[in-house]
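Below, each value reflects all heavy atoms present in this structure, side chains not excepted, and no hydrogens, waters or symmetry copies.
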Amino acid sequence: MRKASIYDCVVLPLNKIHNRAGNITVVEQIKNLPFDVKRIYYLYDIPGGVGRGGHAHKELYQLIVAASGAFDVMLDDGENKKVVTLNRPDFGLMVVPGIWRELLEFSSGAICLVLASTVYDENDYIREYSEFISLTR
Ligand code: TYD
């Protein structure tokens with residue numbers, strides 16, 4: 001696993017094209033995202049009080065967007081932790097490889113949109129916190 005810092009996980013302002021019919025936000029390669037997108041998925045119908053995540057990735061970069069509603073992302077690099085609240089569809093949190101993340105405090109109806117740099121690969125996951133901590137040492 002790559003050694004990473006939570007301070008490399010930044011909230012990126014995305015664009016917003018507004019007119020009287022509403023808004024559109026475009027996430028387009030090179031313009032505002034520093035990795036190629038190979039996969040998109042979204043979390044929805046998340047029951048109240050439930051958390052998601054609870055793992056790290058070895059190589060995967062992600063951009064996490066609150067497409068609707070709000071939730072918190074807890075980031076942990078084995079040394080420091082921080083919590084980022086996402087509640088606007090025109091901002092995205094970039095999470096670099098080597099970061100333990102937990103998604104918490106989903107509002108009712110929240111949609112968590114994730115743009116990911118690789119296709120799904122279970123071997124890229126670190127799902128045991130003790131293993132994550134030992135890999136950061
Ligand atoms: P997981 O990444 O553990 O979810 P979360 O971090 O949101 O809690 O994935 C949940 C399940 O979905 C797990 O069985 C793997 C599967 N899955 C895929 O098959 N493909 C994917 O792209 C993702 C993200 C998950």
**Request:** Would you sort out whether Phe71 and Cys112 count as a side chain to side chain contact (heavy atoms under 4.5 Å, CB included), showing the intermediate values?
**Result:** CA-CA 8 Å; Phe71 51 86; Cys112 171; 3.6 Å; yes
**Message:** Pair Ile111, Ile46 - check side chain to side chain contact (heavy atoms under 4.5 Å, CB included), show working.
**Reply:** CA-CA 8 Å; Ile111 298 176; Ile46 299 144; over 6 Å; no
**Item:** Criterion side chain to side chain contact (heavy atoms under 4.5 Å, CB included) on Lys3 and Glu79, from CA distance to verdict
**Value:** CA-CA 11 Å; Lys3 184 101 177 88; Glu79 210 169 308; 4.2 Å; yes
**Asked** Given Ile99 and Asp76, is the side chain to side chain contact (heavy atoms under 4.5 Å, CB included) satisfied, shown in steps?
**Response** CA-CA 6 Å; Ile99 301 288; Asp76 177 352; 5.7 Å; no
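Judged as a side-chain contact (heavy atoms from CB on, under 4.5 Å), and not counting sequence neighbours, the contacts of Glu105 are Asp72. Contacts of Ser107 classified as side-chain contact (heavy atoms from CB on, under 4.5 Å), with partners at least two apart in sequence or in another chain: Ala70, Ala110. Residues passing the salt bridge (charged side-chain N to carboxylate O under 4.0 Å, His left out) test with Glu59, sequence neighbours excluded: Arg2. For Phe91, the ring pair (Phe, Tyr, Trp, His ring centres under 6.0 Å) criterion is met by no residue, not counting sequence neighbours. For Asp90, the side-chain contact (heavy atoms from CB on, under 4.5 Å) partners at least two apart in sequence or on another chain are Lys16, Thr25, Arg88.
A distance of 11.0 Å separates CG of Leu86 from CG of Leu113, quoted to the nearest 0.5 Å. For the atom pair CD (Glu102) and NE2 (His55), the distance works out to 9.5 Å, reported to the nearest 0.5 Å. Put simply, SG on Cys9 and CZ on Arg101 are 8.0 Å apart, with the number rounded to the nearest 0.5 Å.
The shortest distance between side-chain heavy atoms of Leu12 and Leu63 falls below 4.5 Å. Residues Thr118 and Asp121 form no side-chain contact, since every pair of their non-hydrogen atoms from C-beta on lies 4.5 Å or further apart. Within the 4.5 Å cutoff, side-chain heavy atoms of Leu14 are placed close to those of Val65. Between Tyr61 and Pro97 the shortest side-chain heavy-atom distance falls below 4.5 Å. Between Met94 and Pro34 there is a side-chain heavy-atom pair separated by less than 4.5 Å. Counting heavy atoms from C-beta on, the side chains of Ile6 and Asp8 never come closer than 4.5 Å. Put simply, the side chain of Leu75 does not reach to within 4.5 Å of the side chain of Asp77, judged on heavy atoms. Using a 4.5 Å heavy-atom cutoff, the side chains of Arg52 and Phe106 are in contact.
Criterion: ILVMFWY side-chain heavy atoms under 4.5 Å apart, direct or through other members. Under it, Ile24 and Tyr42 are not part of a common hydrophobic cluster. Both Val84 and Val95 are part of a single hydrophobic cluster, where members link through side-chain heavy atoms under 4.5 Å apart. A single hydrophobic cluster is not seen to contain both Val119 and Leu33; linkage of ILVMFWY side chains at heavy-atom distances under 4.5 Å, directly or through other members, places them apart.
For OH of Tyr41, the number of neighbouring non-hydrogen atoms (other residues, nucleotides, ligands) closer than 6.0 Å is greater than 12. Within a 6.0 Å sphere centred on CD of Glu131, other residues, nucleotides and ligands contribute more than 12 heavy atoms. A 6.0 Å sphere centred on OH of Tyr44 holds no more than 12 heavy atoms belonging to other residues, nucleotides or ligands. Heavy atoms from other residues, nucleotides or ligands lying under 6.0 Å from OH of Tyr125 number more than 12.
Checked for salt-bridge contact, Glu122 and Arg127 meet the test: a charged N lies under 4.0 Å from a carboxylate O.
Each of Asp36, Ile40, Ile64 was scored for a side chain to side chain contact (heavy atoms under 4.5 Å, CB included) with Leu115, with one residue passing: Ile40.
Of all heavy-atom pairs between Gly109 and Ser68, the closest is O-OG, 3.9 Å. When every heavy atom of Ser5 is checked against every heavy atom of Val96, the shortest pair comes out as O-CG2, 4.4 Å.
Other cluster members for Leu135: Met1, Met74, Val83, Trp100, Leu104, Ile126, Tyr129, Phe132, Ile133, joined by side-chain heavy-atom distances under 4.5 Å among Ile, Leu, Val, Met, Phe, Trp and Tyr.
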